[in-house]
There are 4 protein chains.
Amino acid sequence: MTAQLRADARRNRERILAAAEAVFAERGAAASTEEVAARAGVAIGTVFRHFPTKNDLLGAIVKGLLARLAEEADALAEGGDPEKALFAFFTHVVEEAAARKTVAELLAGGGVDVRVGKPLERLQESVGTLLRRAQQAGAVRDDVRPDEVMALLAATSQAALLGGWDPDLRNRTLKIVFAGFRA
Amino acid sequence: MTAQLRADARRNRERILAAAEAVFAERGAAASTEEVAARAGVAIGTVFRHFPTKNDLLGAIVKGLLARLAEEADALAEGGDPEKALFAFFTHVVEEAAARKTVAELLAGGGVDVRVGKPLERLQESVGTLLRRAQQAGAVRDDVRPDEVMALLAATSQAALLGGWDPDLRNRTLKIVFAGFRA
Amino acid sequence: MTAQLRADARRNRERILAAAEAVFAERGAAASTEEVAARAGVAIGTVFRHFPTKNDLLGAIVKGLLARLAEEADALAEGGDPEKALFAFFTHVVEEAAARKTVAELLAGGGVDVRVGKPLERLQESVGTLLRRAQQAGAVRDDVRPDEVMALLAATSQAALLGGWDPDLRNRTLKIVFAGFRA
Amino acid sequence: MTAQLRADARRNRERILAAAEAVFAERGAAASTEEVAARAGVAIGTVFRHFPTKNDLLGAIVKGLLARLAEEADALAEGGDPEKALFAFFTHVVEEAAARKTVAELLAGGGVDVRVGKPLERLQESVGTLLRRAQQAGAVRDDVRPDEVMALLAATSQAALLGGWDPDLRNRTLKIVFAGFRA
DNA sequence: GATGAATGAGGATTCATTCAT
DNA sequence: AATGAATGAATCCTCATTCAT
């Protein structure tokens, strides 16, 4: 019985997270918690029961996203062609960004202070692995460091999203960055 | 008398703009209009008389900034060493960004929608000139286009600011971008 | 089985009362029912099953306290020195008050309206007995009535608690009241 | 013109204070600020413009009351019969209390923390004067101190109000306290 | 009977904007 | 034109109470 209830709660938690991701992606982190609740189909109190603070909700979203990205990076590192894996991941992330307003804002720390140290480090490690392998394959210069990759990843993701780059501009811009990694 | 008053009004307009730039730079675009008024030494009503909407005020600031940047770009294009002018300008803008919260937010469209088409085009033209000259000097690959430069400029400015890059990371990251422009 | 359950229920009821007394004593009547539940080690629903309303819970606590006070008064009336018993009881109650936030608030009706007619009458009877014996011993003027004693008891208890009297002020103040009873 | 406006503002400020006094007197300090605004006939924002915090509003009320009491005490000290002035003032305050819920709560510090050190000291000084004169006139024992008078004043005021004493009980109770002062 | 998740009204506070002076 | 007081919608958050499990 308790298990049942917890299942309900978990379902709600996930609905809230999904709703929040959508709402914040559309309207930015300034969107109201009430709108998240409405989109999730729950009462406002339920949102605050699961995430005692709006900030907690934002933090949960970002942590989730970062974790997902790290997993994707790991998958690419294991399976794919080392020469292309890093660039493929980079491209993928930037494309994704175009669909998520919050991510960029929050990765950036835009006004909201969300502490995501842990998940961010994990992502950097995964990216580091991709980088090392690309370097071993000779696809990236040896003196490029993980924090530089992360920095350009964040920069292009934000810009792609917020600046409303079209796919063509996005590709051309990434090409330049990738050329910078190579030469 | 009317002329007198208009002079007053113009002075007020400028004080408000200056105050707004300062306040929004420090506190971000979420800072209150009242704080701008206080810093400008005028009453809140005066701010709204000059800028009927907070958004108008934000727009005016960004337009001003973009215009200033365009002028700087032009100055460099006329005077400086074509091989270095583009990179110097690029570096300068990114460094500046670290001191201005609003700029990045607004260039990005963070929450607020400010229409700055004209001044942005003007800046792009100036940057285009810098680019052309750098290409003629052989410092940048020929197929790099102005909108790509603008895109990376915006991206690194935002990221440098919001991500809190330290000067070292900033330099290393720009080096990669510049390498991408070259080869 | 039903009997078993009722034993559980009774135990829960008492744990809740104890927890409520502690919580409300510390945080005042504004403390949340949830905190009471937590301290009692039961779920919030259980609290509301036993006391359908927060007010009911508060009422139960006050009734319990009044009953306890009446018992103490009775004990003093039977055993102690009639000359001192009333003053000892009075002093004791006021001292106690300093440790109980709710009591004063509730005796006072602070925001919450709790009906405690019966237990209050019983306390007044006990106090009446103490008074009568003190009068017979010549320690208190004959025209002092029980409701006056009760009134001053409530007054000094509340004030001692809420006003944060230090022990010295408390003693000096009580001395004046006792002098009023005597002469 | 500015003066006009300020007149409006002052009028509003006073309406708000009056409304607040009434509302908090009826419903206790837990009454909502919105109700105060409604009773004052202003929008909620106006209340917060004048008193940035609910607490500030409560503080203002209490300070005002204490000041008023101090003035009354001073007036009695100057004009009246020293033998009766202190008791008259004491009686008056307790009678007044019956009409004011907040006062008692706040003097007591009931939940809300309002800092009224200054006005309270001033009142104590005024009461001290009344006391000294009563002592010089031989109406009060010499070893009674001002803080004891204040303590009993607060105690009886609260109790009279919150306990709902009827006039008869009030008078009889005060007689006991006064007897304590004398003997 | 117990559990604890969900509800949703209520409350304090902020702030862009309007408007009387 | 400037002033700054007033407005009131919007927002975050709390908590008594209900109800499905």
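Naming convention: chains lettered A, B, ... in sequence-line order (proteins, then strands); numbering from 1 in each chain. Hydrogens, waters and symmetry mates are skipped; everything else that's a heavy atom, side chains included, is used.
Checking dA1(F) for Watson-Crick or G-U wobble geometry (two distances, each under 3.5 Å) identifies no partner in any strand. When both distances must be under 3.5 Å, the Watson-Crick or G-U wobble mate of dC13(F) is dG10(E).
Closest approach of Leu57(C) to Val36(C), counting heavy atoms only: CD2-CG1, 4.2 Å.
For the pair Lys54(B) NZ and dA10(F) C1', the computed distance is 14 Å after rounding to whole Å. Look at CD1 on Ile16(B): it is 13 Å from P on dA1(F), rounded to the nearest Å. In this structure, the CZ atom of Arg13(D) is 16 Å from the C1' atom of dG4(F), given to the nearest Å. With rounding to whole Å, Phe24(C) atom CZ is found 12 Å from dC15(F) atom C1'. Nucleotide dA6(E) holds its C1' atom 13 Å from the CZ atom of Arg11(A), rounded to whole Å. In this structure, CD of Glu35(C) is placed 13 Å from C1' of dT14(F), rounded to the nearest angstrom. Arg27(D) has its CZ atom 15 Å from the C1' atom of dG11(E), to the nearest Å. Distance Asp56(D) CG to dA12(E) P: 13 Å, rounded to the nearest Å.
One finds a side-chain N or O of His50(B) lying less than 4.0 angstrom from the OP1 or OP2 phosphate oxygen of dA2(F). The shortest distance between the side-chain N/O atoms of Ser32(A) and the OP1/OP2 oxygens of dA10(F) is not below 4.0 Å. Between Thr33(C) and dC15(F) there is no side-chain N or O to OP1 or OP2 distance below 4.0 Å.
For Lys54(B) (side chain) and Ala29(B) (main-chain N/O), a donor-acceptor pair under 3.5 Å exists by modelled atom type. Counting only distance, with no hydrogens or angles, the side chain of Thr53(D) and the backbone of Asp56(D) share no donor-acceptor pair below 3.5 Å.
Comparing Ile44(B) and Arg49(C), the nucleotide of DNA chain E nearest to each residue sits closer to the 5' end for Arg49(C). Mapped onto DNA chain E by nearest heavy atom, Asn12(A) and Phe48(D) fall at different nucleotides, with Asn12(A) at the one closer to the 5' end. Between Val47(D) and Glu34(D), the residue whose closest nucleotide on DNA chain F is further toward the 5' end is Val47(D).
Closest to the side chain of Ala43(B), from the set dA12(E), dT17(F), dT3(F), is dT3(F).
One finds a salt bridge joining Glu26(B) and Arg39(B) here, because a Lys/Arg side-chain nitrogen approaches an Asp/Glu carboxylate oxygen to under 4.0 Å.
Counting heavy atoms from C-beta outward, Ile61(A) and Leu65(A) have side chains that stay 4.5 Å or more apart.
Contact annotation for Thr46(D): base contact, defined as any heavy-atom pair under 4.0 Å involving a base atom.
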